[in-house]
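Because the structure is a prediction, the values reported are computed rather than measured.
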Amino acid sequence: MRYNFNEIEAKWQKYWAENQTFKAENQSEKPKFYVLDMFPYPSGAGLHVGHPLGYIASDIYARYKRHQGFNVLHPQGYDSFGLPAEQYAIQTGQHPAITTETNIATYRRQLDQIGFSFDWSREVRTSDPSYYKWTQWIFIQLFNSWYNNDSNKAEDISTLTNIFSSEGNSKVNAVCDDAIATFSAEDWKAFDAVKQQQILLQYRLTYLAETEVNWCPALGTVLANDEIVNGVSERGGHPVIRKKMTQWSMRISAYAERLLQGLETIDWTDSLKESQRNWIGKSVGAAVTFNLKNHSEVIEVFTTRPDTIFGVSFMTLAPEHELVSKITTQEQKAEVEAYIEATAKRSERDRIADVKTISGAFTGAYAEHPFTKQPIPVWIGDYVLAGYGTGAVMSVPCGDQRDYDFAKHFNIPIPNIFENADISQEAYASKDNVVIANSDFLNGLNYKEATKKAIQELEKLGQGQGKTNYRLRDAVFSRQRYWGEPFPVYYINGMPQMIDAKHLPIRLPEVEKYLPTETGEPPIGNATVWAWDTNKNEVVSNDLIDNKTIHPLELNTMPGWAGSSWYFNRYMDSQNNEEFASKEALNYWKDVDLYIGGSEHATGHLLYSRFWQKFLFDKGEVPVDEFAKKLINQGMILGTSAFVYKISLIWPKTSRHNDNLDYLNQISSKFPSIFCSKNYYEKSLHEDISLRDIAKDFKLPSLSSFIGTLDPVKVKIEQLSFGEYQLHADVSFVNASDELDIEAFKNWREEYKKAEFICEEDGTFKVKREVEKMSKSKYNVVNPDQICIDYGADSLRLYEMFLGPLEQYKPWNTAGITGVHGFLKKLWKLYVGENGLLVNDAEPSKDNLKTLHKTIKKVEEDIENFSFNTSVSTFMIAANELTAQKCTSKEILEPLLILISPYAPHIAEELWNQLGNNKSISTAPFPKFNASYLVESSKNYPISFNGKMRFTLELPMDMSKEAIEAAVMANEKTQEQLQGRTPKKVIVVPGKIVNIVG
RNA sequence: GCUCAAGUGGCGGAAUUGGUAGACGCGCCGGAUUCAAAAUCCGGUUCUUCGGAGUGUGGGUUCGAUUCCCACCUUGAGUACCA
């Protein structure tokens, strides 16, 4: 019997599905283990071989944990709201729900054929109303909460209104909008409902505010900070501008410190934690108030270096700072206004790109130093950002390079307040080895002491206190899109009202057009049925809006990260219609034990999810405040693109002034498609080869006839030269030796049908290879479907793991798969011969046992350390050894299958079944490792004398260190080497080496 | 600029955390089988001027360094005027 992988894999996939082999129960005697993948967005292109990498790793771990006796939860679902489906809808008019459904079907088929042990009964889809009902519900909970800094957690908004009506807001220590006016209990009671709501909105954890947002005109929507890369949108690379809009925001800043602290408690990679720390951007320092000369206004600054306060020689405000217009003197007005206008014109990108140019203007105003009372000139400069801290800095040129550069540029004095620091060339920005000088009461102190002392003295004056600043901004939560969760919000007098949770979900309305409306409103503005009837508690037609009982609904939808910020909790009890998950399920599964996904979500999904989890924890909805104990980032599998070089015509240098421009255009359109092979291209790079030479050398008929049609009067052949440009060829036309299948390539595109090829000397056409991200547009996508047909899912799984370390980026190369495929064939032959099963009850030999136990030990270690690549090698060695040993013993071959089963489950299940087991291999316990089988009777110990001379000595394996040492010293070869000298020491590493140090 | 990660044969990558560097696979070379090819099996494969040399470069610690320390170079990723 041959190894018929297609038949075997189909058979067991069917069996697992029919028997619900991997269904997890919410109660069990066994300990729980939750293995989660980041769920995919089901794009129209389907899966390529890069996608399943993380899923294979998590599947191996999940299957391994089942063998270890855990009750394993290993679910899968779809993050099915998103921009591509909507873009597709805009182009084709097809409803995103339909395309999403189709795409999910493709994904499911592709995932199934790889043989994952997912519990599909728990599948979630973020775009399913039964799911987003709870996303809406969580939104309402956030709206009804505020963050109390005293209890350091989110509390119900009713506790806040109670405080307001009993004592006003002066003692409330909340995370809220800046600059809220204080009011008394009487004031509060006197406010009308709208006023009260306006005030509460400034405290709620999700709030409506006019904020400056990142508006992307091309996408017609706002974007969060983490959706922008280098000043352009992450999706599509469109420009992004700053714009003031009324938007929903999430008060994630309330959780900045806890998000930072929580990182200490979870086992995530250091680089990922580092990204989150940078994103949160905590800086400890002081807030300092500078009084202005001749003004009642004050300037608030934030500084991390209060110790350098005596080094202040000027102040700098951001050009957008509100004080600028108030304090600028008459004489400086023109200059300041011109500067503000100039900076406003510069886009965000220009400002980032051009950091080196120093610019600014003097306002004419002077602040007063809090201690010396000396006047300090106030400048404006665009190196100070309006959005960070207070938008104003105290400039200490001797201690900060930017201040230093600014001072140098504008000839502002640079007083030195450091002992022994040379500031003639650059600022001394280090905090180490600081000794403060010329600073009154701070003289002689170091950074730490001086900082403390300075803050104390500022507090005495009432002009400052210690302060911690975070870079983390509140996250904008509105998107002007169709294909997202609708807000459960309607408006009365412009104030948002939550729809009662019992009426959820609020389903997406039908629209005819998915583009934003002409007035710039979101696509839902196109819906005709989108108003809320507070009598009937249902969505009704817009025409009925009467502002009494029928009100307009929110037109925006939620961003992509809304649904993905809590899905891991939903898997615990995904069919529940009463709660997002039952308390029993939440308390049983608690958190994700192992989470596998890409590192690109470091400051998006992974931060927002931690935020929502902490919020739900505060509200008592979930039992733990970190949702994932351990996280692994799988690396990306890259594609190996193939390039061909197409010869193009280069205009003669004189063409710009050529009278026959029309003619030249005309002939260039008739230029034939000619491709040249890699080596020819490389040769031509350095040699100027003319068209005529190509035609002559390669006897290309199309080129000869092209030259023949040239009008020698209008253009001379000698005037024309050629260049090449490289373009992607589909990798499926290229074999392992980089040779292009010319016929297939010709048939690829209509315009290549008559193309001609300049080949290598051996007649082949070679492409140039380059490793790039795998993508449809680069024609380097390898489809797992074809791999499964040609080699089987087990080969695919093994090979993806074998490629290299899980976390690493690595290129895909289909050629190498024959190695692991050969192993599976060999494995099969170890069990099944021409005439049936080879396995019998024979006593295992010592060698057999040694091979098995060596393998058990290595595989167990590998899986625990996520080094899945090396266990594939271990399997190959085991199969080779057992084949050489002619092992037929069931005692050896049966446990071997359990070791292989997480990696190659189909073949393992089939052979397991053939050995006479009628329960799935997934229920079998992992074999126990026994070290005694590995101990050999003797071993050759290499002896090294002073690291130079070497010989070997045969000694029993189970000797103690001391016994080995004695035996080595007693040996005559050793004595020979020592020549009567006494060694300083003898170093013994058991089983390894003996070193004699002379 | 800053932060993090990584540099080992023709290639992907191993090396029990300081102990015989190059496991395993690809590729390549040779052989067996075959009328022949495919498939399969077996052997070889870091370089070498055959003395040795060798894990990006130069130092250091050590009896011993791919592994630890210092400096530098290169590549990749993230971040960016954060006061």
Side-chain angles (χ1 to χ4, degrees), chain A residues 229-231 269-279 281-283 285-286 288 301-305 308 316 318 351-358 381-385 387-396 399-403 405-406 429 469-472 599-600 602-603 633 635-636 736-737 798-799 802-805 807-823 825-826 829 857-858 861 865 867 869-877 880 883 940-942 944-948 950 952 983-998:
Chain A
V229 178
N230 293 330
T269 60
D270 288 336
S271 64
L272 197 134
K273 286 187 187 180
E274 197 59 31
S275 306
Q276 293 211 345
R277 281 191 201 105
N278 288 340
W279 194 260
K282 179 179 182 174
S283 46
V288 186
V301 303
F302 172 75
T303 178
T304 54
R305 298 295 301 273
T308 63
T316 316
R351 217 166 134 168
I352 291 167
D354 181 23
V355 264
K356 296 228 168 62
T357 314
I358 296 159
D382 68 356
Y383 80 97
V384 176
L385 302 177
Y388 183 77
T390 59
V393 300
M394 59 176 226
S395 302
V396 183
D400 183 284
Q401 194 56 41
R402 290 157 302 169
D403 295 344
D405 295 339
F406 195 88
N469 233 343
Y470 298 92
R471 201 190 77 126
L472 185 68
S599 56
E600 65 273 21
T603 50
N633 294 126
M636 206 180 282
S737 316
L798 281 172
Y799 189 53
F802 185 69
L803 274 176
E807 278 123 315
Q808 201 164 296
Y809 279 57
K810 46 208 175 267
W812 177 267
N813 173 18
T814 305
I817 201 169
T818 54
V820 292
H821 187 62
F823 154 71
K825 284 198 273 194
K826 189 176 258 179
K829 279 194 192 160
K857 182 164 187 277
K858 188 69 167 60
E861 278 170 10
N865 296 325
S867 328
N869 52 332
T870 48
S871 22
V872 180
S873 301
T874 310
F875 294 142
M876 290 179 181
I877 295 166
N880 279 336
T883 305
N940 287 328
Y941 277 80
S944 138
F945 177 60
N946 265 8
K948 278 290 171 192
R950 273 188 185 154
T952 57
K984 276 184 195 154
K985 56 179 171 176
V986 178
I987 300 155
V988 177
V989 180
K992 281 292 176 189
I993 196 165
V994 180
N995 266 285
I996 303 165
V997 183

Run the salt bridge (charged side-chain N to carboxylate O under 4.0 Å, His left out) test against [X] and tell me which residues pass, sequence neighbours left out.
X: Lys858(A); answer: Asp862(A)
X: Glu807(A); answer: none
X: Lys829(A); answer: none
X: Arg402(A); answer: Asp400(A)

- Item | Atom pair CG (Asn869(A)) and OG1 (Thr874(A)), whose distance is rounded to the nearest 0.5 Å | 9.5 Å

- Output the distance between atom CE (Met636(A)) and atom NZ (Lys810(A)), rounded to the nearest 0.5 Å. 10.5 Å

In whole Å, what separates the [atom1] atom of [N] from that of [M]?
N: A14(B); M: U79(B); atom1: P; result: 27 Å
N: A5(B); M: C24(B); atom1: C1'; result: 25 Å
N: U75(B); M: G30(B); atom1: C1'; result: 38 Å
N: U67(B); M: A21(B); atom1: C1'; result: 11 Å
N: A38(B); M: A32(B); atom1: P; result: 15 Å
N: A15(B); M: A6(B); atom1: P; result: 14 Å
N: U61(B); M: U16(B); atom1: P; result: 25 Å
N: G43(B); M: A77(B); atom1: P; result: 43 Å

For [X], what residues pass the side-chain contact (heavy atoms from CB on, under 4.5 Å) criterion, not counting sequence neighbours?
X: Asp270(A); value: none
X: Glu274(A); value: Arg277(A), Asn278(A)
X: Asn880(A); value: Lys826(A)
X: Thr304(A); value: Ser283(A), Phe302(A)

- Message: Please confirm whether the shortest side-chain N or O distance from Arg402(A) to OP1 or OP2 of C82(B) is below 4.0 Å.
- Response: yes

- Item | Side-chain N or O of Tyr799(A) closer than 4.0 Å to phosphate OP1/OP2 of G25(B) | no

Distance in angstrom units between [X] [atom1] and [N] [atom2], rounded:
X: Tyr388(A); N: C82(B); atom1: OH; atom2: P; value: 9 Å
X: Arg277(A); N: U79(B); atom1: CZ; atom2: C1'; value: 15 Å
X: Asn278(A); N: U3(B); atom1: CG; atom2: P; value: 10 Å
X: Phe823(A); N: C26(B); atom1: CZ; atom2: P; value: 13 Å
X: Ile817(A); N: C26(B); atom1: CD1; atom2: P; value: 12 Å
X: Trp279(A); N: A80(B); atom1: CH2; atom2: C1'; value: 11 Å
X: Phe406(A); N: C81(B); atom1: CZ; atom2: P; value: 17 Å
X: Lys273(A); N: A5(B); atom1: NZ; atom2: P; value: 13 Å

What pairs of nitrogen or oxygen atoms, one from the protein and one from nucleotides 12-14 of chain B, lie under 3.5 Å apart?
{"from": "G12(B)", "atom 1": "O2'", "to": "Leu803(A)", "atom 2": "O", "distance (Å)": "2.6"}
{"from": "G13(B)", "atom 1": "OP1", "to": "Gln808(A)", "atom 2": "NE2", "distance (Å)": "2.6"}
{"from": "A14(B)", "atom 1": "OP1", "to": "Asn869(A)", "atom 2": "ND2", "distance (Å)": "3.0"}

- Assigned glycosidic conformation for G27(B) [threshold 90° from 0]: anti

- Message: Taking syn as a glycosidic torsion within 90° of 0 and anything else as anti, which one is G9(B)?
- Response: syn

Residue [X], side-chain atoms from C-beta onward, closest of [options]:
X: Thr818(A); options: U79(B), C26(B), C81(B); value: C26(B)
X: Ser283(A); options: C4(B), G25(B), A83(B); value: A83(B)
X: Met876(A); options: U3(B), C81(B), C24(B); value: C24(B)
X: Ile877(A); options: G78(B), C24(B), A83(B); value: C24(B)
X: Arg471(A); options: C4(B), A83(B), C82(B); value: C82(B)

- Query: Do the non-hydrogen side-chain atoms of Tyr383(A) and Asp403(A) ever get within less than 4.5 Å of each other?
  - Reply: yes

- Message: Quick check on RNA chain B: between Gly281(A) and Glu861(A), whose nearest nucleotide comes earlier from the 5' end?
- Response: Glu861(A)

- Message: Heavy-atom nearest nucleotide on RNA chain B for Gly389(A) versus Ser271(A): which residue maps closer to 5'?
- Response: Ser271(A)

- Message: Quick one, Trp812(A) with Tyr799(A), criterion side-chain contact (heavy atoms from CB on, under 4.5 Å). Give me CA distance, side-chain angles, the key distance, then yes/no.
- Response: CA-CA 10 Å; Trp812(A) 177 267; Tyr799(A) 189 53; 3.6 Å; yes

- Message: Pairing donors with acceptors under 3.5 angstrom, does anything connect the side chains of Ser395(A) and Thr316(A)?
- Response: yes

Any protein N or O atoms within reach of nucleotides 37-45 of chain B? Criterion: under 3.5 Å, listing atom names and distances.
{"from": "U40(B)", "atom 1": "OP1", "to": "Lys825(A)", "atom 2": "NZ", "distance (Å)": "3.1"}

- Message: Taking any heavy-atom pair under 4.0 Å as a contact, classify Ser395(A): base, sugar-phosphate, or nothing.
- Response: nothing

- Item | For Gln808(A), side chain to side chain donor-acceptor pair (under 3.5 Å) partners two or more places apart | none

- Per-residue pairing states of RNA chain B in dot-bracket (Watson-Crick or G-U under 3.5 Å; . unpaired, | other strand) read (((((((..(((......[....)))((((((.......))))))((....))..(((((..]....))))))))))))....

